[in-house]
Trainee: 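Provided herewith is a single structure, encoded as structure tokens, for subsequent inquiry.
Whatever order the structure lists them in is the order used to number ligands and atoms, beginning at 1. What you are looking at is a predicted structure, and each value in this text was computed from that prediction instead of being measured.
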Amino acid sequence: MSSRKLSLGVKIFIAMILGIVVGIIAYQLGWASYTTTYLKPVGTIYINLLKFIVVPVVLFSIVTGVVALKDLRRVGSIGGKTFVYYICTTAIAIIIGLFFANVFKNLGWFPKLETTDLVYEAKSSDLSKVIVNIFPSNILSPLVNADMLPLIVIALFLGAGILSAGEAGQRVGSLISDMNDVTMKILMMIIGFSPIGVFALMVDVVAVNGAAIVGSLALVLLVAYIAYIVHVVVVYGLSVKFLSKMSPVAFVKGMSSAMITAFTTTSSSATLPLTIECSNNLGALPEVSSFVLPLGATINMDGTAIYMGVTSIFIASCYGVDLTLAQMATIVLTATIASIGTAGVSGAGMIMLAMVLESVNLPVAGIALIAGVDKIFDMGRTTLNITGDATCAMWISRLEKEKMAKKE
Ligand code: ASP
């Protein structure tokens with residue numbers, strides 16, 4: 001079993017490298033329109049398959065996760081720890097992002113631009129609306145629209161209902177657990193297509209964007225990637241080593257297929273199936289990962305948080321604005337909330353950035369400056385987003401295993 005898993009990870013990696021090489025060749029030959037016409041649809045089919053399975057995965061796995069925890073107090077205690085972990089790592093992520101962006105800015109490496117010709121108009125998001133919309137007024141619409149936060153609320157209520165409804169609850173619970181098993185099988189079939197999907201997506205991104213997309217924005221991308229790497233090495237490294245008591249290298253190795261899938265699909269939700277699979281293979285308890293990971297794929301976005309910190313400073317610098325410490329504290333707060341409200345889909349973080357910019361009165365139109373390279377930011381931030389979720393699943397699993405060992 002494990003050698004099959006390993007070979008899938010290796011296959012995905014090879015597919016990614018091949019995709020980059022073919023993409024560079026296609027870019028040099030000016031074949032971007034061909035890759036978009038003929039290869040991108042293959043990648044889109046792969047993403048569609050992942051997306052269609054994600055609603056049943058989130059619904060059934062959270063309900064199964066809640067039911068497997070057996071009593072509501074345990075749900076509360078794991079849920080509470082998970083939430084605190086997610087919020088803390090996200091806030092640290094923004095601070096790391098702000099720190100490196102300020103270093104680059106103070107070195108004079110960020111431009112001050114003529115920005116009058118901006119045409120981009122971002123949708124702005126209203127904080128109270130984000131919170132109210134978490135609570136669905138209709139049971140079907142979150143399922144139909146793959147609206148993850150309300151879907152999680154439905155799953156939590158369903159799980160809590162099952163746990164409190166005695167025998168009837170048990171019957172419904174076992175039906176949902178069967179549905180979960182079936183969903184997981186479908187999932188495995190879809191995961192089998194990963195190498196093909198990853199190859200197709202990678203070729204197209206490179207062929208279309210080439211080196212030019214990086215161009216003048218190379219520096220802000222560099223800052224974001226430095227911050228991403230520091231966060232992985234320091235925060236996740238320490239978390240895995242000291243909280244989960246496992247080797248960070250083994251952790252990254254075990255997570256690699258999920259990380260590569262996140263990097264290429266730029267969607268935490270689409271990657272969720274692989275995040276669950278890899279975490280379980282690394283020793284996470286299935287009842288923990290099926291609760292902690294879907295929750296994380298929706299609310300825990302460390303990469304997105306870093307991106308928000310870095311790009312706020314960059315945009316401020318472009319407009320010649322010097323942010324005060326208080327304004328940066330505001331960014332930490334709003335970016336934490338904005339990242340919770342960010343859907344785990346491609347490009348969502350850029351939309352939510354509007355909320356952060358508005359909180360410190362920066363022009364939302366500044367998003368236009370970085371919109372062209374958002375995909376490249378997104379690749380890194382999604383990779384972090386899912387890795388952070390997995391570190392939490394490993395930690396909570398260790399705590400739960402210790403608790404169980406004590407009871408025996
Ligand atoms: N693409 C990211 C994700 O799915 C969200 C974002 O755009 O920041 O995790």
Trainee: Taking the inter-plane angle between the rings of Tyr34 and Tyr38 on a 0 to 90° scale, is it parallel (under 30°), tilted (30 to 60°) or perpendicular (over 60°)?
Mentor: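 Parallel.
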Trainee: Are Phe193 and Tyr46 near enough that their ring centres are under 6.0 Å apart?
Mentor: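 They do not qualify: ring centres at least 6.0 Å apart.
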Trainee: Output side-chain donor-acceptor pairs under 3.5 Å for residues 79-99, partner residues at least two apart or in another chain, one line each.
Mentor:
{"unit_1": "Thr82", "atom_1": "OG1", "unit_2": "Ile78", "atom_2": "O", "d": "2.7"}
{"unit_1": "Tyr85", "atom_1": "OH", "unit_2": "Ser239", "atom_2": "OG", "d": "2.8"}
{"unit_1": "Tyr85", "atom_1": "OH", "unit_2": "Thr391", "atom_2": "OG1", "d": "2.6"}
{"unit_1": "Tyr86", "atom_1": "OH", "unit_2": "Val292", "atom_2": "O", "d": "2.9"}
{"unit_1": "Thr89", "atom_1": "OG1", "unit_2": "Tyr85", "atom_2": "O", "d": "2.9"}
{"unit_1": "Thr89", "atom_1": "OG1", "unit_2": "Tyr86", "atom_2": "O", "d": "3.1"}
{"unit_1": "Thr90", "atom_1": "OG1", "unit_2": "Tyr86", "atom_2": "O", "d": "2.7"}
{"unit_1": "Thr90", "atom_1": "OG1", "unit_2": "Asn300", "atom_2": "OD1", "d": "3.3"}
{"unit_1": "Thr90", "atom_1": "OG1", "unit_2": "Asp302", "atom_2": "OD1", "d": "3.0"}

Trainee: Please identify each residue that fulfils side-chain hydrogen bond (donor to acceptor under 3.5 Å, both in side chains) with Thr266, with sequence neighbours left out.
Mentor: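 Applying side-chain hydrogen bond (donor to acceptor under 3.5 Å, both in side chains) to Thr266 gives Ser346, Lys375.
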Trainee: Kindly write out the residues that satisfy side-chain hydrogen bond (donor to acceptor under 3.5 Å, both in side chains) with Thr334, not counting sequence neighbours, or none if the list is empty.
Mentor: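 Thr334 satisfies side-chain hydrogen bond (donor to acceptor under 3.5 Å, both in side chains) with Ser359 once adjacent residues are dropped.
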Trainee: Please give me the minimum heavy-atom distance between Gly43 and Ala200, naming the atom from each residue.
Mentor: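 Here Gly43 and Ala200 meet closest at N-CB, 3.6 Å.
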Trainee: With a 4.0 Å heavy-atom cut-off, what residues sit around ligand 1?
Mentor: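 Near ligand 1, by chain and number: Thr266, Ser267, Ser268, Met301, Thr304, Thr342, Ala343, Gly344, Val345, Ser346, Gly347, Ala348, Gly349, Asp378, Arg381, Thr382, Asn385.
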